[in-house]
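So the structure is just underneath, and the comments pick up after that.
What you are looking at is a predicted structure, and each value in this text was computed from that prediction instead of being measured.
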Amino acid sequence: MIRFFLLSVLVFTVGCDRIEALFLEEDLLQRPPSKRCSECHTKIYNQWKDSRHSVAWVSEEFIKKTKNRTKTKCLSCHAPLEIKPEEEPELRDKLKDEGVNCFSCHYRESTNSIHGPYKVFSPPHYSTYDPDYISSKICAGCHRKTYREWKTTDTDKNCQDCHMPAKKDRLIQKFPFKYFHSKKDLHNHSFPSLKAKERDFIVEIKKDKSGIILRIKNIGIPHTVPTAQQGSPKYYITLTGFLEGKDIFKDNYMLTPKSGLKPGKWKEIRFFVDPEVYKVTLTVERKLSWKNEREKVMEKSFHFD
């Protein structure tokens with residue numbers, strides 16, 4: 001009701017053709033600092049501010065891996081000018097410390113407007129409805145390797161379903177513009193790096209004369225586990241064997257983006273251990289490239305006759 005009243009007053013007193021001119025803030029279409037967006041999109045900005053995207057240019061890992069940013073092939077995705085579907089972006093020349101910022105993803109020079117997944121009335125700047133924002137294509141320019149892995153699956157999930165989960169909320173918090181919009185799916189701009197669960201894997205273990213054979217299949221994650229275009233996330237598979245109530249061995253196997261668990265594919269790992277063991281415990285952990293500690297993904301025990 002409030003939204004309808006405000007719009008009616010504006011149309012009656014100003015006219016549809018002059019509303020945009022009345023409220024247009026031209027600097028919003030000149031790639032200002034992302035803090036400028038927070039005046040209206042406060043919740044989205046606060047999520048982005050705490051995301052890995054916001055520190056893509058300044059993170060210690062990035063600086064180290066690129067030898068103080070001298071590996072130029074890596075730079076454009078860490079401070080992109082414009083993100084376009086399935087295209088590698090250009091490196092921008094200002095505000096690099098903001099990493100992948102608001103205007104990297106949402107501003108298009110070709111239309112001089114802010115692009116997004118909704119048809120909205122947004123007087124402070126021009127807006128363009130763009131269905132690519134609910135498609136994995138928008139992520140493909142930088143996350144090329146993971147995008148190719150995702151395309152090999154028949155999943156009905158896109159990148160945003162997992163890494164930008166949504167809940168109903170207002171896109172804008174500033175008065176009076178917040179009343180120009182009904183609540184919509186507000187996608188999480190912290191881009192969470194979700195942790196796999198036990199249900200995402202099938203595990204088989206058998207014993208023969210030479211030791212233990214572990215078979216594991218990724219059935220729940222629609223890309224390789226772990227995955228990365230750059231960086232070094234790792235999964236650790238630890239097998240502990242027991243004999244007469246004591247653990248007599250512990251062995252590790254490390255998975256990297258090059259050797260990870262491809263979706264729908266079995267991976268076989270052999271552990272050469274005492275064939276007399278009666279029990280083994282399997283532990284799977286992950287270590288994100290920007291963290292020092294490991295996180296437990298699953299733990300299962302297997303008994304042998």
Side-chain angles (χ1 to χ4, degrees), residues 24-63 65-66 69 71-118 120 122 124-128 130 132-144 146-147 159-160 163-166 169 171-174 177 186-193 228-231 289-290:
L24 183 65
E25 301 177 37
E26 294 186 2
D27 72 300
L28 288 174
L29 301 173
Q30 297 170 3
R31 297 192 177 98
S34 294
K35 181 68 174 176
R36 183 72 169 84
C37 304
S38 72
E39 296 174 18
C40 288
H41 303 283
T42 309
K43 291 183 179 180
I44 291 175
Y45 172 80
N46 287 336
Q47 291 172 348
W48 167 84
K49 186 176 61 174
D50 293 331
S51 75
R52 295 295 299 167
H53 278 181
S54 73
V55 296
W57 185 261
V58 298
S59 74
E60 292 182 7
E61 184 203 12
F62 167 65
I63 294 171
K65 291 289 185 180
T66 58
R69 305 189 185 102
K71 291 186 177 181
T72 56
K73 70 175 183 178
C74 303
L75 303 186
S76 64
C77 283
H78 286 256
L81 181 65
E82 289 188 17
I83 298 292
K84 299 176 182 178
E86 299 184 287
E87 293 184 22
E88 186 174 349
E90 297 178 18
L91 177 66
R92 69 174 181 270
D93 60 6
K94 67 175 185 176
L95 299 174
K96 290 191 180 78
D97 284 0
E98 289 194 357
V100 185
N101 67 5
C102 302
F103 290 88
S104 295
C105 292
H106 290 284
Y107 176 69
R108 293 285 182 277
E109 190 170 336
S110 60
T111 60
N112 191 34
S113 68
I114 303 299
H115 285 223
Y118 299 115
V120 294
S122 53
H125 58 71
Y126 305 124
S127 294
T128 299
D130 193 332
D132 286 328
Y133 283 79
I134 53 173
S135 165
S136 294
K137 291 180 180 180
I138 201 70
C139 310
C142 288
H143 300 279
R144 297 183 294 279
T146 305
Y147 177 69
C159 301
Q160 295 88 332
H163 297 287
M164 295 187 74
D169 207 338
L171 302 178
I172 290 172
Q173 284 70 54
K174 186 177 182 179
F177 303 119
L186 184 66
H187 291 271
N188 190 332
H189 282 66
S190 69
F191 308 97
S193 177
Q229 182 69 26
Q230 302 292 333
S289 56
W290 62 90

[atom2] on [Y] to [atom1] on [X], rounded to 0.5 Å:
X: Asn112; Y: Glu26; atom1: CG; atom2: CD; value: 9.0 Å
X: Lys49; Y: Ser54; atom1: NZ; atom2: OG; value: 9.5 Å
X: Leu28; Y: Ile114; atom1: CG; atom2: CD1; value: 7.0 Å

| message | Applying side chain to side chain donor-acceptor pair (under 3.5 Å) as the test, list every pair that has at least one member in residues 86-106; sequence neighbours left out. | response | Ser34-Glu98, Glu86-Tyr147, Arg92-Ser104, Glu98-Asn101, Asn101-Ser104
| said: Would Arg31 and Leu81 count as a side-chain contact (heavy atoms from CB on, under 4.5 Å) here? Give the steps. | reply: CA-CA 9 Å; Arg31 297 192 177 98; Leu81 181 65; 3.5 Å; yes
| Glu25 and His125: side-chain contact (heavy atoms from CB on, under 4.5 Å), yes or no, with the steps? | CA-CA 6 Å; Glu25 301 177 37; His125 58 71; over 6 Å; no
Please identify each residue that fulfils ring pair (Phe, Tyr, Trp, His ring centres under 6.0 Å) with [X], with sequence neighbours left out.
X: His115; answer: none
X: His41; answer: none
X: Phe177; answer: Phe23, Phe180
X: Tyr107; answer: none

Test item: [X] and [Y] side chains (from C-beta on) under 4.5 Å apart, heavy atoms:
X: Lys43; Y: Asp169; result: yes
X: Ser135; Y: Pro85; result: no
X: Pro33; Y: Phe103; result: no
X: Tyr126; Y: Leu24; result: yes
X: Phe62; Y: Arg69; result: yes
X: Thr146; Y: Gln229; result: no
X: Arg144; Y: Cys139; result: no

Grab the two heavy atoms, one from [X] and one from [Y], that are nearest each other, plus how far apart they are.
X: Leu91; Y: Ser76; result: N-CB, 3.6 Å
X: Asp132; Y: Ile138; result: O-CB, 3.5 Å
X: Pro32; Y: Asp27; result: CD-O, 3.2 Å
X: Ala56; Y: His78; result: O-ND1, 2.7 Å
X: Cys142; Y: Ile83; result: SG-CD1, 4.2 Å

| field | Ser127 and Ser113: side chain donor to acceptor below 3.5 Å | value | no
| said: For a quick check under 3.5 Å, do Asn188 and Ser190 share a side-chain donor-acceptor pair by atom type? | reply: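 The criterion, which ignores hydrogens and geometry beyond distance, is satisfied for Ser190 and Asn188.
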| request: Examine Phe191 together with His53 and report whether their ring centres are nearer than 6.0 Å. | output: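 Yes, close enough.
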| request: Please indicate whether Lys35 has more than 12 foreign heavy atoms, meaning atoms of other residues, nucleotides or ligands, lying under 6.0 Å from its NZ. | output: no
Determine yes or no for a side-chain-to-main-chain donor-acceptor pair under 3.5 angstrom, with [X] supplying the side chain and [Y] the backbone.
X: Trp48; Y: Val100; answer: yes
X: His189; Y: Ile44; answer: no
X: Tyr133; Y: Cys105; answer: yes

| task | Walk me through it: do Leu171 and Leu186 pass the test side-chain contact (heavy atoms from CB on, under 4.5 Å)? | result | CA-CA 6 Å; Leu171 302 178; Leu186 184 66; 3.7 Å; yes
| field | Test side-chain contact (heavy atoms from CB on, under 4.5 Å) applied to Ser193 and Trp290, step by step | value | CA-CA 11 Å; Ser193 177; Trp290 62 90; 4.1 Å; yes
| said: Arg52: which residues meet the side-chain hydrogen bond (donor to acceptor under 3.5 Å, both in side chains) condition with it, sequence neighbours left out? | reply: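 Arg52: no side-chain hydrogen bond (donor to acceptor under 3.5 Å, both in side chains) contacts found.
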